[in-house]
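Take a look at the structure set out below.
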Amino acid sequence: MFDKSIKAYEEAKCVIPGGVDSPVRAFSGALGTPPFIAKGEGSYLIDVDGNKYLDFIQSWGPLIFGHCDKDIENVVLETVKNGLSFGAPTELETQLASEIIDMYDNLDKVRFVSSGTEAVMSAIRLARGVTGRDDILKFEGCYHGHSDSLLVSAGSGMATFGAPSSPGVPADLTKHTLLAEFNNIAQLEKCFEQSSDIACIIVEPVAGNMGLVPASEEFLAKCRELCDKHGTMLIFDEVMSGFRASLTGASGIVETVPDIVTFGKVIGAGMPVGAFASRNEIMAQLSPEGKIYQAGTLSGNPVAMAAGLKSLQKIKADVTIYDRLNAKAVRLTTGLKEVATKNNIPLQVDTRGSMFGFFFNDTKPTNMKEVATSDFDRFAKFHHEMIKKGFYFACSQYETGFICDTMTNEEIDATIKAADEVMATL
Ligand SMILES: *Cc1c(COP(=O)(O)O)cnc(C)c1O
C-alpha cells in the first residue's frame, strides 16, 4: 500500500539528489521508503497512497498546534493577499520580535533570518565580531545547522580542534572549531586550556539532534563560569527547544543564562524563519547600527512573521499548553517503557515539555558516544512496523519526537498498544 510513494520516490530520485531536499527524509536509518505526503490534518499526516499516520514529527518541531491549525491558516491567507514579500520593513517584524523578547529578561533585541542554520551562523559571527576572537567551541552530537565551521567531527577521543565531517568543508574553515564531549566538564575545561581565543561556546541546552539528551545543570553552569572567566560568549541554540521545551525553552528549565539565543522552528509555525537575540550592547554591533555584517532578502518575510506571531500569541493566551503537552509526552514515554519492559526490551525514555525521546539501550545516554551504543537494528524494525500501523515516528534514534496540541490521550494510548504488539515481535 505504498505503491504511489515508491513511484514518487523513484521519480524524485531522477531529479533531486537522493530524492529529498534534506537527508533525514530519505529514511537512511530506517527500513522501507519514505511516504510522500499529500497533506496534514491536525495530529495526522496523509500520504499519496491515502495512508494516515499519527504524526510525532510535526515537521521536526515547528507545528506545536498540529497541521492546518485554523487560526494560523487564516492569518497566513489574509497576509498573503497583501503581497508575499517587500524587502522593506513591516510592523509584523516588530510584533513578532516583541513577542519573543517579552519572554526573556536577558534578551533585548532580535533579528530574523530564514532558517535555523542562518540564525546560528549569524550568532557565531556576532560573537566573533564582538569578542574579536576566532575560535568557537561546540559539542559532539549537537547540531547547529549545516554551515561550514559547524560541520566538524571528533578527532581521536580527547578534546580537540575538529576535522571536517563533510567533503566540501575545507579544514581551514574548521580549524577554529574546538570540539568536546557533551556533558563532559573535564573536556570543556581542557578546551579553555588549549585556546585563549574562544569567542563563544555554542550548545543545545536540551540537545535534540542525538535523540533527546538534556545537558546537565552542572555542565551548563560550568559553561557559564568559563565564559565569564575568559570573556567568551555563551550561545544557547534553541532552534528546536525554543517554545518547545517550555514557554521560554531551556531558560524555563535550567538556571544558566546565555548571552545569545538562536531560534527557529516554532517561531515560524511551519514557515521558514530563524532568529537570534541578545542584549542591547551586543545586538548594537550588528549592521546597520554596528559594523558586523548580516543581511537577507527574505528575512522577516511578512507571511512567515504572521504565522509565527499567531502561533506565539496562541501559546501565550494559554500558557498551560506546556503542562498539557508534557503530560501527553510523559504518558507516551511511560507507556512505551512499560510495554518494552513487558517484552524484555531495554528502553530509555525522557521528555522536556513537548519533546520526547527513546533509546533501545540498557542505560540512559548522556552524550553522543553513549547514544551510539543503542540498538539501531531494533529501532529500524520498530520504526518500520509502527509506520505500517499508522504511527509516524522520527526515522532515526538520533532524532527527537514531538507532541502537538491536537493529540489526545486516546491517540497516545493507541500508540502504546501498537508499540506493544510490535515489541512482542522484536
Ligand atoms: C533544526 C536545527 C537547526 C537548523 O535549522 P534549519 O532551519 O534546519 O536550518 C539548528 N540548530 C538546532 C538545534 C536545530 O534543531
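Just follow the structure's listing: the first ligand is 1, and inside any ligand the first atom is 1. All values below come from the heavy atoms of this structure, side chains included, with hydrogens, waters and symmetry mates left out.
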**Message:** Looking at ligand 1, would Glu238 count as a contact under a 4.0 Å heavy-atom criterion?
**Reply:**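 Glu238: no contact with ligand 1 (<4.0 Å).
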**Item:** Residue pair Met240 / Met355, side-chain heavy-atom distance below 4.5 Å
**Value:** yes
**Prompt:** Hey, does Ser241 have a side-chain heavy atom less than 4.5 Å from the side chain of Glu238?
**Reply:**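 A side-chain contact under 4.5 Å exists here.
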Using a 4.0 Å heavy-atom cut-off, which part of [X] comes near ligand 1: side chain, backbone, both, or neither?
X	answer
His144	backbone
Asn209	side chain
Lys265	side chain

Among all protein non-hydrogen atoms, which one is nearest to [atom], and what is the separation to 0.1 Å?
atom	answer
atom 6 (P) of ligand 1	Gly116 N, 3.4 Å
atom 11 (N) of ligand 1	Asp237 OD2, 2.7 Å
atom 3 (C) of ligand 1	Val239 CG1, 3.7 Å

**Nearest candidate to atom 8 (O) of ligand 1, where distance is taken over non-hydrogen atoms, out of Val113, Thr117, Val203** = Thr117
**Request:** Closest by any non-hydrogen atom to atom 10 (C) of ligand 1: pick that one out of Gly145, Pro205, Ala207, Ser114.
**Result:**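 Heavy atom nearest to atom 10 (C) of ligand 1 belongs to Gly145.
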**Phe382-Phe360 aromatic ring centre distance below 6.0 Å** =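 Centroid separation for Phe382 and Phe360: below 6.0 Å.
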**Message:** Taking the ring of Phe139 and the ring of Phe219, is the distance between their centroids below 6.0 Å?
**Reply:**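 Ring-ring flag for Phe219/Phe139: true, centres closer than 6.0 Å.
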**Between Asn301 and Ser299: side-chain donor-acceptor atoms closer than 3.5 Å** = no
**Request:** Please assess Phe192 against His230 for the test ring pair (Phe, Tyr, Trp, His ring centres under 6.0 Å), listing each intermediate value before the final yes or no.
**Result:** CA-CA 8 Å; Phe192 280 87; His230 296 276; 4.8 Å; yes
**Prompt:** Between Arg279 and Asp259, does at least one N-O distance fall below 4.0 Å, as a salt bridge requires?
**Reply:**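 Yes, Arg279 and Asp259 are salt-bridged.
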**Item:** For Ser115, the ligand 1 atoms whose distance to one of its heavy atoms is below 4.0 Å
**Value:**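 Here the atoms of ligand 1 in question are 7 (O), 9 (O).
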**Request:** Answer yes or no on whether Lys13 is positioned over the face of Tyr9, meaning its NZ or CZ is under 6.0 Å from the six-membered ring centre and within 45° of the axis.
**Result:**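 Cation-pi check for Lys13 and Tyr9: passes.
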**Prompt:** What do you reckon, does Glu118 have a nitrogen or oxygen under 3.5 Å from a nitrogen or oxygen of ligand 1?
**Reply:**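 Looking only at distances, the answer is no, because the N/O contact criterion of under 3.5 Å is not met.
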**Message:** If you measure every N or O of Glu204 against every N or O of ligand 1, does any of those distances drop under 3.5 Å?
**Reply:**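 No, there is no polar N/O contact under 3.5 Å.
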